[in-house]
2 protein chains.
Amino acid sequence: MRRSGALLDLLSRRMRAAGETALQAAGLRPRHLLAMPVLRDRGESSQADLAGTLQLDRTNVVGLLNELEREGLIERRRSPEDRRRHTVRLTEEGRERLARAEFTLAAAEDLVLAGLTAKQRDTLYELLAKATAAAC
Amino acid sequence: MRRSGALLDLLSRRMRAAGETALQAAGLRPRHLLAMPVLRDRGESSQADLAGTLQLDRTNVVGLLNELEREGLIERRRSPEDRRRHTVRLTEEGRERLARAEFTLAAAEDLVLAGLTAKQRDTLYELLAKATAAAC
DNA sequence: TATTGTTATACTCTATAACTATA
DNA sequence: TATAGTTATAGAGTATAACAATA
């Protein structure tokens, strides 16, 4: 019986472990590299929108942003239009740390996928992108 | 930049959540459906071998097997050849519960991958199998 | 009433260290 | 000395409930 779930579970555990190791020197974790690219691409975002995009619970986004804010990589500001919202942006340092960390992480990820050819890695990425794009 | 890790993380979280929901009625969790098929295919296994195959820490396999043993789905016996080892097997009830649960889980997994065609799901499975087959 | 951010909390997953019994 | 299983424990990931501020 074809059980993609078991393989996904194993591969994502390896990815996480490899990512943690690779990012350790940069003082970041894979989870940080989920949120930061979104902020860079959008320019800014509310915490709720960010949680929706990452499909993380908003309560966990609070802690994630606390860590990034403590490191000076993001900043929160109260939105003038809707004072319930925090507008979150990358700082300049956040942008720089992200650029370096992304290369480090991408290299580590490719290493985990060393069993695949470059073309197969591309196909895998496309299939994952298509699968996750679906509502659920 | 191509970041398979982020997509893998998201998809495996969805898989886990869908699997938990689907297996709830059977009183099992996705993690149980990792170990049980290995035991069925091998007939029996020591805990250390099982941990190696699943790439789980042996300390976590202890708890996993405790749950399955409490439910009467596996049995541990002291190995006569090496009295340090526990020989683990599926019970008859374990075999039956597994057969039913596998269909339930496979259906739930296909639902998570609904954004892909059947052929794409097969390709994804093959790529995941090849990627995880590599040492690391 | 509903939403945004927050805190407190609980449960799962994973890894490390240390113990025991065997080899 | 080393290995198999176990226990205790700590850290990360995730979700739920409840609250204050704001809409």
Side-chain angles (χ1 to χ4, degrees), chain A residues 5-6 8-21 23-24 27-35 44-70 74-88 136, chain B residues 5-6 8-21 23-24 27-35 44-70 74-88 136:
Chain A
L8 265 175
D9 185 60
L10 174 55
L11 193 58
S12 69
R13 275 188 282 136
R14 285 192 195 166
M15 273 290 186
R16 179 174 307 185
E20 281 170 2
T21 303
L23 292 175
Q24 207 157 18
L28 294 171
R29 278 177 300 121
R31 184 47 43 100
H32 298 138
L33 272 282
L34 290 180
E44 64 180 40
S45 172
S46 75
Q47 297 187 190
D49 286 348
L50 189 58
T53 301
L54 301 174
Q55 299 196 241
L56 297 176
D57 193 276
R58 74 204 154 110
T59 63
N60 300 319
V61 170
V62 172
L64 179 63
L65 292 178
N66 286 347
E67 292 168 357
L68 292 173
E69 195 176 40
R70 212 175 298 128
I74 62 117
E75 56 186 15
R76 288 164 160 128
R77 277 178 295 180
R78 190 65 69 174
S79 165
E81 294 106 37
D82 182 342
R83 292 187 44 73
R84 291 173 303 182
R85 289 178 175 248
H86 278 166
T87 299
V88 184
C136 197
Chain B
L8 265 175
D9 185 60
L10 175 54
L11 194 58
S12 69
R13 276 188 282 135
R14 285 193 195 166
M15 273 292 186
R16 179 175 306 187
E20 281 170 2
T21 303
L23 292 174
Q24 208 158 17
L28 294 170
R29 278 178 300 122
R31 185 47 44 99
H32 298 137
L33 273 283
L34 292 180
E44 65 179 40
S45 171
S46 75
Q47 296 188 189
D49 287 347
L50 189 58
T53 301
L54 300 174
Q55 299 195 243
L56 297 176
D57 193 275
R58 72 204 157 110
T59 62
N60 300 318
V61 170
V62 173
L64 179 61
L65 292 178
N66 286 347
E67 292 168 356
L68 292 172
E69 194 175 40
R70 210 176 298 128
I74 61 117
E75 55 186 16
R76 288 165 161 126
R77 276 178 297 180
R78 189 66 68 176
S79 165
E81 295 104 37
D82 183 342
R83 291 187 42 73
R84 292 173 302 182
R85 288 177 176 251
H86 278 167
T87 299
V88 184
C136 197

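Within every chain, numbering begins at 1; the chains are lettered A, B, ... in the order of the sequence lines, protein sequences first and strands thereafter.
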[X] [atom1] - [N] [atom2] separation (whole Å):
{"X": "A/His86", "N": "C/dT3", "atom1": "NE2", "atom2": "C1'", "answer": "14 Å"}
{"X": "B/Leu64", "N": "D/dG5", "atom1": "CG", "atom2": "P", "answer": "13 Å"}
{"X": "B/Glu20", "N": "C/dC11", "atom1": "CD", "atom2": "P", "answer": "14 Å"}
{"X": "A/Ile74", "N": "C/dG5", "atom1": "CD1", "atom2": "C1'", "answer": "13 Å"}
{"X": "A/Asn60", "N": "C/dC11", "atom1": "CG", "atom2": "P", "answer": "16 Å"}
{"X": "B/Arg85", "N": "D/dT6", "atom1": "CZ", "atom2": "P", "answer": "13 Å"}
{"X": "A/Arg16", "N": "D/dG11", "atom1": "CZ", "atom2": "C1'", "answer": "12 Å"}
{"X": "A/Arg76", "N": "C/dT4", "atom1": "CZ", "atom2": "P", "answer": "15 Å"}

Worksheet item: Considering only heavy atoms from C-beta outward, does the side chain of B/Leu34 approach that of A/Leu10 to under 4.5 Å?
Response: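 Contact flag for B/Leu34/A/Leu10 side chains = no.
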Discussion item. Assess, by modelled atom type and distance only, whether the side chains of A/Arg29 and A/Gln24 contain a donor and an acceptor separated by less than 3.5 Å.
Written reply: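 Judged by distance alone, the side chains do not pair up.
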Worksheet item: When you check the phosphate oxygens OP1 and OP2 of C/dT6, does a side-chain N or O of A/Gln47 lie under 4.0 Å from one of them?
Response: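 So the side-chain polar atoms of A/Gln47 do come within 4.0 Å of the phosphate oxygens OP1 or OP2 of C/dT6, strictly under.
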Discussion item. Please encode protein proximity along nucleotides 18-23 of chain D as a string of B, S and -, counting only heavy-atom distances under 4.0 Å.
Written reply: B--BBS
Item to complete: Could you pull out all residues at least two apart from A/Ser45 that satisfy side-chain contact (heavy atoms from CB on, under 4.5 Å)?
Response: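 A/Leu39, A/Arg42, A/Asp49, A/Leu50.
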Practice prompt. Mind checking side-chain contact (heavy atoms from CB on, under 4.5 Å) for B/Arg77 and listing every partner two or more places apart, or none if nothing turns up?
Written response: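 side-chain contact (heavy atoms from CB on, under 4.5 Å) check on B/Arg77 returns B/Glu75, B/Arg89.
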Worksheet entry | Under 3.5 Å: donor-acceptor pair, side chain of B/Arg13, backbone of A/Gln55 |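 Looks like yes, one N/O pair under 3.5 Å.
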Worksheet item: Just how far is it from atom CD of B/Gln47 to atom CZ of B/Arg76, taken to the nearest 0.5 Å?
Response: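 These two atoms lie 4.5 Å from each other.
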Worksheet item: Which distance, rounded to the nearest 0.5 Å, do you find between the OG1 of A/Thr87 and the CD of A/Glu44?
Response: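 Answer rounded to 0.5 Å: 5.0 Å.
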Worksheet item: Which sits closer to the 5' end of DNA chain D, B/Asp9 or B/Leu65, going by the nucleotide each is nearest to?
Response: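 The residue whose closest nucleotide sits nearer the 5' end is B/Leu65.
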Worksheet item: Hey, which of these two, A/Ala17 or A/Thr87, hits DNA chain C nearer its 5' end, going by closest nucleotide?
Response: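 The residue mapped nearer the 5' terminus is A/Thr87.
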Worksheet item: Nearest to the side chain of B/Val62 - D/dT7, D/dA4, D/dT14?
Response: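 Per side-chain heavy atoms of B/Val62, the pick is D/dT7.
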